[in-house]
A.B. asks: 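Provided herewith is a single structure, encoded as structure tokens, for subsequent inquiry.
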Amino acid sequence: MVMGDMEMNTDLLIIGGGPGGYGAAFRAADLGLDVILVDHRPRLGGLCLHAGCIPSKTLLHLTQLLDSTRRAERMGLRFAEPKIDLVAMRYWLRQVISSMAGKLMSLAKRRGVLVIQGRAHFSGAGTVRLEGAEISGIKFKQAIIATGSSPRPLPGLVFSPDSRIMDSTAALALTEISKTLLVVGGGYIGLEIGSIYAALGSRVALMEMKNRLLAKADADLVGPLQTRLVEHFAALHLGARAEGFTETAAGVVVRYTQNGKTAEMEADRVLLAIGRIPNCDDLGLEHTGVTLDSQGFIKIDEQQRTSDARIFAVGDVAGGIMLAHKATRQGRVAAEVISGRKIGFDVRAIPAVVYTEPQIAWCGLTEVAARREGIAHAVQRFPWQDSGRTQALGSFTKLITNPADGRILGIGMVGGNTEGFIGEAALAIEMGALAEDLALVLHPFPTLAETEDEAEGSNDNAGHILPKGDA
Ligand code: FAD
């Protein structure tokens, strides 16, 4: 690395320090490349650590504790009504984030990755200009764009930190647990944050323009969650489309249409979670050969190359499924391609988990996608019978197989702790397992996976991953 007149040179410049960016940086440094990573946050972690995955999962963990203590009464354990201390909760959250950010920074340092705080804009062939940094610019041989995504506003709306109309970042800051909250958007972000607020005492209503929640997941997996939310939330307005908001001193008036009619409702606060848009507007892409798709995401090939030979893109900014583990894998692929390896992003099963109560998880082919794309498939469902509770939640696992040879194409599950199983499901799909291969795997007893052992003998085609019983 050569320090010049406020300008630096590097083999590899990475813009964005989230899971995609640091995944790429660490792998590239391990492979011997000279790496500079620029992020406008002072520490690594990106949206995922500072305002996404980690804050939401930390708070969901707290709310699940609350939920467990409330349920324990039925099992003969009575706790006093919990006191919710928002200040202490925010402090705990900051500590979790800070400790993880510290670890990422030391991993970068140990590998010799130079992390610079600033905002990067491409300014010419092989150069970026930096804003808010001590260095004015960087010349690079190759660059990886890993700038992530931002919440999609409604037309004309600009999110601001002191508004009552919140994006996910503002909602996770837990400034206030308002008496009422309207969540607009029935995707996983709206459902998870809505569940947090409901557990902390808000009366939560949810509005979704489609007639169902979680449009990318199979409807049968979503069913038990929807049943639970009907009890847990004050209202579910499906098929209702938010058209605009008016903020008043006391709250927000929401204009919406449903069944062709326009109406209004009021809430103390609104969480708008209607999707995410790529962070590439302000990147100076006009100075590069990078092109965008019709949705504004950076076009890439299977090696993460953009249409500019020097530049790669990974993670949310490159579209597709927006999840942290996908971003990290893409980052590692880009780093390896840049260092000369013949490799591509070739993943059959990207696992997704919705951390609600009950949880939903799936990977590989879904029934929705199989039907849409006309893929021949067979479906088997296996209800969980490990406890009264999971039965009450309607928990089950489903296998989607190729009817010709029994190969597993997709696995979905709804119930408790699906996060603990879905990794195994992804492995089965990546290894090309047949349904009967799963039935031969022994799981330890006593664990929740033990329900899977019980499936043996109950159904010859039931994999070992499958709980007892045959739907
Ligand atoms: P990001 O993590 O967004 O990082 C991009 C970084 O680039 C940011 O730090 C940004 O500030 C920086 N940047 C942008 N432009 C510039 C610039 N010009 N110069 C310098 N820096 C710049 N995913 C999961 O897998 N599991 C979950 O449980 C999960 N929960 C989520 C919960 C919420 C509420 C949200 C909003 C998202 C969640 N996600 C989850 C999605 C996950 O956070 C993203 O998929 C992931 O962060 C994408 O990683 P990335 O590296 O592409 O971008």
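Note that this is a predicted model, so its numbers are computed, not measured. Worth knowing before you read on, the calculation uses all heavy atoms, side chains too, and leaves out hydrogens, waters and symmetry mates. We count ligands from 1, going down the list as the structure has it; atoms in each ligand are counted the same way.
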A.B. asks: Would Arg276 count as a contact of ligand 1 if the rule is a heavy atom under 4.0 Å away?
C.D. replies: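 It does, in that a heavy atom of Arg276 comes within the 4.0 Å cut-off of ligand 1.
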A.B. asks: Output the list of atoms in ligand 1 that are nearer than 4.0 Å to some heavy atom of Lys57, sorted by atom number.
C.D. replies: 27 (C), 28 (O), 29 (C), 30 (N)
A.B. asks: Which pair of heavy atoms, one from Leu438 and one from Ala428, lies closest together, and at what distance?
C.D. replies: CD2-CB, 3.9 Å
A.B. asks: Would you say Ala51 has any N or O atom under 3.5 Å from an N or O of ligand 1, going by distance alone?
C.D. replies: no
A.B. asks: Give a yes-or-no answer on whether the side chains of Ser149 and Asn279 include a donor-acceptor pair shorter than 3.5 Å.
C.D. replies: no
A.B. asks: What protein heavy atom sits nearest atom 18 (N) of ligand 1, and how far off is it?
C.D. replies: Ala120 O, 3.1 Å
A.B. asks: How are the rings of Phe421 and Trp384 set relative to one another: parallel (under 30°), tilted (30 to 60°) or perpendicular (over 60°)?
C.D. replies: perpendicular
A.B. asks: Which residue and atom name correspond to the protein heavy atom nearest atom 41 (C) of ligand 1, and how close is it?
C.D. replies: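 Checked against all protein heavy atoms, atom 41 (C) of ligand 1 sits closest to Tyr188 OH, 3.5 Å.
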A.B. asks: Give me the nearest non-hydrogen protein atom to atom 2 (O) of ligand 1 as residue plus atom name, then the distance to 0.1 Å.
C.D. replies: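 Atom 2 (O) of ligand 1 sits closest to the protein heavy atom Leu47 N, 3.1 Å.
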A.B. asks: Need the ligand 1 atom indices (1-based, order shown) with element for anything under 4.0 Å from a heavy-atom of Ala146.
C.D. replies: 5 (C), 6 (C), 7 (O)
A.B. asks: Could you check atom 44 (C) of ligand 1 against the protein and tell me its nearest heavy-atom contact, residue, atom and distance included?
C.D. replies: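 Of every protein heavy atom, Asp316 OD2, 3.4 Å lies nearest to atom 44 (C) of ligand 1.
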A.B. asks: Is there a heavy atom in Tyr22 that sits closer than 4.0 Å to ligand 1?
C.D. replies: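 Flag not set, Tyr22 not near ligand 1.
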A.B. asks: With atoms numbered from 1 as shown, which atoms in ligand 1 lie under 4.0 angstrom from a non-hydrogen atom of Leu172?
C.D. replies: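 Numbered from 1, ligand 1 contributes 34 (C).
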A.B. asks: Should Arg381 and Glu367 count as an ion pair when the cut-off is N to O under 4.0 Å?
C.D. replies: yes
A.B. asks: What are the two closest non-hydrogen atoms of Ala120 and Leu283, and how far apart are they?
C.D. replies: O-CD2, 3.6 Å
A.B. asks: Kindly compute the distance separating CZ (Arg310) from CD1 (Ile338), expressed to the nearest 0.5 Å.
C.D. replies: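 Here the rounded value is 12.5 Å.
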A.B. asks: Closest heavy-atom contact between Ala242 and Val254?
C.D. replies: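 Minimum heavy-atom contact is CB-CG1, 4.3 Å.
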A.B. asks: Show which atoms of ligand 1 fall inside a sub-4.0 Å distance from at least one heavy-atom site of Cys48.
C.D. replies: 2 (O), 43 (O), 47 (O)
A.B. asks: With heavy-atom distances below 4.0 Å as the criterion, list the atoms of ligand 1 near Ile15.
C.D. replies: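 With Ile15 as reference, the close atoms of ligand 1 come out as 17 (C), 19 (N), 20 (C).
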A.B. asks: For a quick test of reading the model, state the closest non-hydrogen atom pair linking Ala324 to Cys48 and the distance between them.
C.D. replies: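 Minimum heavy-atom contact is CB-SG, 3.7 Å.
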A.B. asks: From atom 14 (C) of ligand 1, work out which of Leu130, Ile145, Thr147 has a heavy atom at the shortest distance.
C.D. replies: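 Among Leu130, Ile145, Thr147, the closest heavy atom to atom 14 (C) of ligand 1 comes from Thr147.
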A.B. asks: Is it true that Glu336 and Lys342 have a side-chain N and a carboxylate O under 4.0 angstrom from each other?
C.D. replies: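 No.
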A.B. asks: Mind running salt bridge (Lys or Arg N to Asp or Glu O under 4.0 Å) on Lys398 and Asp218 for me, showing each step along the way?
C.D. replies: CA-CA 10 Å; Lys398 73 192 272 193; Asp218 284 342; 2.7 Å; yes
A.B. asks: Using a plain distance cutoff, I'd like to know if Asp39 has any nitrogen or oxygen under 3.5 Å from a nitrogen or oxygen of ligand 1.
C.D. replies: yes
A.B. asks: Any donor-acceptor pair under 3.5 Å linking the side-chain atoms of Ser195 with those of Thr356?
C.D. replies: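 Side chains of Thr356 and Ser195: no pair found under 3.5 Å.
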A.B. asks: Which of the listed options, Gly118, Ser149, Pro55, Gly16, holds the heavy atom that is closest to atom 20 (C) of ligand 1?
C.D. replies: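 Shortest heavy-atom distance from atom 20 (C) of ligand 1: Gly118.
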A.B. asks: Considering only the protein, which heavy-atom contact is closest to atom 21 (N) of ligand 1, and what is its distance?
C.D. replies: His40 N, 3.3 Å
A.B. asks: Which of these, Gly187, Gly17, Gly46, Pro19, has its nearest heavy atom closest to atom 50 (P) of ligand 1?
C.D. replies: Pro19
A.B. asks: Could you see which bit of Leu283 sits under 4.0 Å from ligand 1, with heavy atoms only: side chain, backbone, both or neither?
C.D. replies: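 Just the side chain.
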A.B. asks: Should the pair Arg228-Glu357 be classified as a salt bridge under the 4.0 Å nitrogen-to-oxygen rule?
C.D. replies: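 No, no charged N to carboxylate O under 4.0 Å.
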A.B. asks: Going by the atom numbers of ligand 1, which of them fall below 4.0 Å from some non-hydrogen atom of Val38?
C.D. replies: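 In order of number, 20 (C), 21 (N).
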A.B. asks: So, Glu131 and His121: side-chain donor and acceptor under 3.5 Å apart, yes or no?
C.D. replies: yes
A.B. asks: Under 4.0 Å between a side-chain nitrogen and a carboxylate oxygen: does that hold for Asp293 and Lys299?
C.D. replies: no
A.B. asks: Hey, which atoms in ligand 1 end up nearer than 4.0 Å to a heavy atom of Gly20?
C.D. replies: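 Every atom of ligand 1 under 4.0 Å from some heavy atom of Gly20: 51 (O).
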A.B. asks: Can you name the atoms of ligand 1, numbered from 1 with element, that are less than 4.0 Å from a heavy atom of Gly18?
C.D. replies: 2 (O), 4 (O), 51 (O)
A.B. asks: Pick one of side chain, backbone, both or neither for how Arg119 approaches ligand 1, counting any non-hydrogen atom pair under 4.0 Å.
C.D. replies: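 For Arg119, the contact with ligand 1 is made by both the backbone and the side chain.
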A.B. asks: Shortest non-hydrogen contact from Leu31 to Ser339?
C.D. replies: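 For Leu31 versus Ser339, the nearest heavy atoms are CD1-OG, 3.2 Å.
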A.B. asks: For Arg41, is at least one N or O under 3.5 Å away from an N or O on ligand 1?
C.D. replies: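 Yes; at least one N/O pair falls below 3.5 Å.
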A.B. asks: Where do Arg164 and Glu247 come nearest, in terms of heavy atoms and distance?
C.D. replies: N-OE2, 2.7 Å
A.B. asks: Heavy-atom pairs closer than 4.0 Å: do any link ligand 1 to the side chain of Ile189, the backbone, both, or neither?
C.D. replies: side chain
A.B. asks: Counting heavy atoms only, which part of Ala324 comes closer than 4.0 Å to ligand 1: side chain, backbone, both or neither?
C.D. replies: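 Both backbone and side chain of Ala324 come within 4.0 Å of ligand 1.
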A.B. asks: Specify the protein heavy atom at minimum distance from atom 53 (O) of ligand 1: its residue, its atom name, and the distance to 0.1 Å.
C.D. replies: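 Going by distance alone, atom 53 (O) of ligand 1 is nearest to Gly148 CA, 3.3 Å.
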A.B. asks: Give the single entry among Pro278, Cys53, Gly52 that approaches atom 42 (C) of ligand 1 most closely by any heavy atom.
C.D. replies: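 Considering heavy atoms of Pro278, Cys53, Gly52, the nearest to atom 42 (C) of ligand 1 sits in Cys53.
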